[in-house]
Amino acid sequence: MSSKIQAVRGTQDMVGEDAARFDAVVETFTRVRRLYGFRPVQVPVFEFTGVFARSLGETTDVVSKEMYTFEDRGGESLTLRPEFTAGIARAYISNGWQQHAPMKLSAWGPAFRYERPQKGRFRQFHQLDAEILGSGEPAADVEIIAFAQHLLDELGLQGKTVLNLNTLGDPETRAAWQAALIAHFSAHRDALSAESRDRLEKNPLRILDSKDAADKALVADAPRIDAYMSGEAGAWFDAVRKGLDAAGVAYQRNEALVRGLDYYRHTTFEFITDHLGAQGTVLGGGRYDGLMEALGGPPTPCVGWAAGIERLAMLLDAPEAETIDAAVVPMGEAAEARAFEVLQALRRAGLSAEQAWRGNMKKRMQKADAAGARYAVIIGDDELAAGEVTVKRLATGEQWRVALDALPEALR
RNA sequence: GCGACCGUAGCUCAAUCGGUUAGAGCGCCGGUUUGUGGUACCGGAGGUUGCGGGUUCGAUCCCCGUCGGUCGCCCCA
C-alpha cells in the first residue's frame, strides 16, 4: 500500500454507519447541552505551544511526547490542541470573559495526540467538551455531572458505563495526602514496579491506579484521602454527593481515581466502560480551580469534562439508516425538465427529496428504493398532460395520481 | 516509546506439507422486464496476495525490512 495514497496513521475516514454513529453522538450532545443552558464556544484548533505546555505541565506525557508541534512561517511554535480545556481557558483570559462569569460553555471537534493507535485511540480524535468557568460552588460540579449522565442516557448507554467519583480535596488536603502517600510508597520502594518507582518522582498519585499486581497490593493499604480531609474539603465533597443523590445520579466512590496535575482540586470523575478494551474512560473530568492562574489569569474556579466521540460512537446501538420522503422519477425529456420544479416544491415544503440523474425508469426506481424513499413520484408524458404526477408508496406498492400542486400535502 | 499478533477482490473470508489458470458469499454493473423498486434467475467486471528485498526449481504460505491494523503496557477521550 506504500505506493498508494493513504491516510495518515491514526486518522480515519468515515461514511455510512460510522459517520451516522458519529453524527448521532454530536446531535444528541447539542440537544442535551441546550437542556442545561450550556452555550456553544468556538476556539482555535491550534494555539501557541506554551498554552498547552503550561496548562498540562511540562512533564506530562501529553506534553513531553504526544503533541503535534510545528513552527509556522513566522517561526512561532504552534501546537494542534491535544484537548479543549487549555484553549478555552486561554480564550477566557485573552477576552476578559470574567465579566460573564459564571459561564457554561460547550464545544466539540477534533483533537490531536501523537500516540500509538488502538481501538478507541486515534491520533486525530474528536471530543465533546463542557466547562463551567468562574463558579466555585459544589452545585456546579453536580450540574455538569448530571449533564454528562443525561447525555449518556440519551445516547442509550445506560448500563454500559459506571460513574466513578472521587475528591482530591483542597490544596492543603491534597498536599498532606500526597506526602503520606510518598512516605508510604517510599518505604516499600523495592516492591514497586519500575513504572511506579518512576511515578513516585513525577506523579505519585498515579501509583494508585497502577495495573501492576505488586503495586495493587501496596495500594490496598496505602493512606486514604479521607483521613487527611480538611473540614472545608469534606463539606464540599458531601455537598457534591448530596446533590448527585438529589439529581438521581448514581455513582461509585473510587478512591484511586486521581489527577496528576496540581491545579486539580476537589471533585474528579470518570464514566468508565468495560466494552472498549484498554480504553475504559468514555467521559472524564473534574474541578481545576488552579488552571487559570497557572496560565497567568485571574483566580477562577472551574469544572469541566471531555468525552471521546469515537468511543461513545462505538458503544452506541447502530442508528437507523437515513431515509428520504420522496424520490422523483422523471421519464422523458419533458419530465426531466420539470423535475427540479417538483423537487424544490417538496423541499420547500420540508420534505426530503432527491432524484437519480440518469438511467431508465427501472434504474431510477432501484435508486429510489436504495435511498430508502417512502414514495416514488413518477412523472411521465401522461401525467404532465393531466397536470398530475403518479405517487407510489414503496412499502406497499400501491400507487395513485395526484395533482401537481397538491403533491407536498399528499406526501405528508 | 516498549512487547505480541495480523495484512488475499469494494467488504467478510477460503486456498492440503511451499506446487502450476488464487476461489466463495455479499456488494457493484448488465440482462430476463423500452412506464415500475424491494424477491427470483442468468451473465459480467473486479487481484502485481499491503509494499520492498531474500531463500527456493517454484512463495499467498518460510526469512528480513517497511507501511498499516489489532491487543496489551504506558497514557488518556
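Note on naming: letters A, B, ... go to the chains in the order of the sequence lines (proteins, then strands), and numbering restarts at 1 for each one. Keep in mind that what you see is a predicted model, and the values were worked out from it rather than measured.
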Length of the CD-P vector between A:E66 and B:rC74, whole Å: 13 Å
Touch check for A:G10, heavy atoms < 4.0 angstrom, all strands: base, sugar-phosphate only, or nothing? sugar-phosphate
Could you check how far CG of A:L152 sits from C1' of B:rA77, rounded to whole Å? 12 Å
Between B:rA45 and B:rC29 - C1' atom distance, rounded Å: 7 Å
Side chains of A:S196 and A:D215 only: does a donor on one sit below 3.5 Å from an acceptor on the other? yes
In whole angstrom, give the distance that lies between atom NZ of A:K119 and atom P of B:rC73. 15 Å
So, A:R90 and A:E47, do they make that salt bridge, N to O below 4.0 Å? yes
Could you give the distance separating B:rA15 and B:rU20 at their C1' atoms, to the nearest angstrom? 14 Å
Please state the C1' separation for the pair B:rC17 and B:rG31 - nearest whole angstrom. 45 Å
Hey, does the side-chain of A:D369 have a donor or acceptor N/O within less than 3.5 Å of a partner on the base of B:rG37? yes
Can you identify which nucleotide, out of B:rG1, B:rG35, B:rA77, has its nearest atom closest to the A:M361 side chain? B:rG35
For the side chain of A:R121, starting at C-beta, report the closest nucleotide among B:rC73, B:rG38, B:rG68. B:rC73
Hey, does the side chain of A:R206 come within less than 4.0 Å of B:rC74's phosphate (OP1/OP2), counting only N and O? no
Any side-chain N or O of A:R199 below 4.0 angstrom from OP1/OP2 of B:rC74? yes
Could you give the distance separating B:rU66 and B:rG27 at their P atoms, to the nearest angstrom? 41 Å
Go nucleotide by nucleotide along RNA chain B from the 5' end; which of A:I378 and A:A307 gets its closest nucleotide reached first? A:I378
Below the 4.0 Å mark, does B:rC2 have OP1 or OP2 next to a side-chain nitrogen or oxygen of A:R116? no
With heavy atoms under 4.0 Å as the rule, sort A:G397 into base, sugar-phosphate or nothing. base
Provide, to the nearest angstrom, the distance between the CG atom belonging to A:D13 and the P atom belonging to B:rG69. 11 Å
Would you tell me if any nitrogen or oxygen in the side chain of A:Q118 comes within less than 4.0 Å of OP1 or OP2 on B:rG69? no
Please report the distance separating the P of B:rG44 from the corresponding atom of B:rC26, rounded so that it comes out in whole Å. 15 Å
In whole angstroms, how far is the C1' atom of B:rC73 from the NZ atom of A:K216? 13 Å
If you measure from the P atom in B:rG38 to the same atom in B:rG19, how many Å do you get, rounded? 43 Å
What does A:E383 touch in the nucleic acid at a heavy-atom separation under 4.0 angstrom: a base, only the sugar-phosphate, or nothing? base
In whole angstrom, what separates A:R21's CZ from B:rA77's P? 23 Å
Going by an N to O cut-off under 4.0 Å, is there a salt bridge joining A:D226 and A:R253? yes
Would you check if A:F271 and A:L157 make a side-chain contact, meaning some heavy-atom pair closer than 4.5 Å? no
Could you go through A:L283 and A:L128, starting from their C-alpha distance and side-chain angles, then the distance that decides it, and tell me whether this counts as side chain to side chain contact (heavy atoms under 4.5 Å, CB included)? CA-CA 9 Å; A:L283 183 155; A:L128 309 174; over 6 Å; no
Each stem that RNA chain B is part of, given as range with range (3 or more consecutive Watson-Crick or G-U pairs, under 3.5 Å): B:1-7 with B:67-73, B:10-13 with B:23-26, B:28-32 with B:40-44, B:50-54 with B:62-66
Heavy atoms only, 4.0 Å cut-off, all strands: where does A:A7 land among base, sugar-phosphate and nothing? nothing
Write down the distance separating the C1' atoms in B:rU60 and B:rG23, rounded off to the nearest Å. 13 Å
If the C1' atom of B:rC74 is compared with that of B:rA14, how far apart are they to the nearest Å? 38 Å
Going by the ring-ring contact (aromatic ring centres under 6.0 Å, His included) test, name the single residue among A:F147, A:F84, A:Y288 that passes it with A:W305. A:F147
Kindly point out which of B:rA77, B:rU70, B:rG37 is positioned nearest to the side chain of A:L394? B:rG37
Hey, are A:E310 and A:R121 close enough for a salt bridge, meaning a charged N less than 4.0 Å from a carboxylate O? no
Taking 4.0 angstrom as the limit, do A:D289 and A:R287 come out as a salt bridge? yes
Toward the 5' end of RNA chain B, which comes first, A:T396 or A:G120, by nearest nucleotide? A:T396
Please list, for nucleotides 28-31 of chain B, all pairs of protein and nucleotide N/O atoms separated by less than 3.5 Å.
| from | atom 1 | to | atom 2 | distance (Å) |
| --- | --- | --- | --- | --- |
| B:rG30 | OP2 | A:K363 | NZ | 2.7 |

Nucleotide nearest A:M331 when distance is taken to its side chain, options B:rA77, B:rG35, B:rG38: B:rG35
Go through the side-chain N and O atoms of A:E270 and A:T281 and say whether any donor and acceptor fall under 3.5 Å apart. yes
Do the two ring centres, one from A:H100 and one from A:Y92, sit under 6.0 Å apart? no
Kindly say if A:R311 contacts the phosphate of B:rA77, meaning a side-chain N or O under 4.0 Å from OP1 or OP2. no
Check the pair A:T273, A:T161 against side chain to side chain donor-acceptor pair (under 3.5 Å), reporting the backbone distance first and the verdict last. CA-CA 5 Å; A:T273 181; A:T161 62; over 6 Å; no
Rounded to whole Å, the CZ-P distance (A:F122 to B:rU70) equals 7 Å
For A:A368, answer base if it contacts any base atom (sugar-phosphate contacts may also be present), sugar-phosphate if it contacts only those atoms, and nothing otherwise; contact means non-hydrogen atoms under 4.0 Å. nothing
Counting any heavy atom closer than 4.0 Å, what does A:E83 reach on the DNA or RNA strands: base, sugar-phosphate only, or nothing? nothing
Centroid-centroid distance, A:H126 to A:F22, less than 6.0 Å: yes
Check the distance between B:rA77's P and A:E115's CD and give it to me in whole angstrom. 10 Å
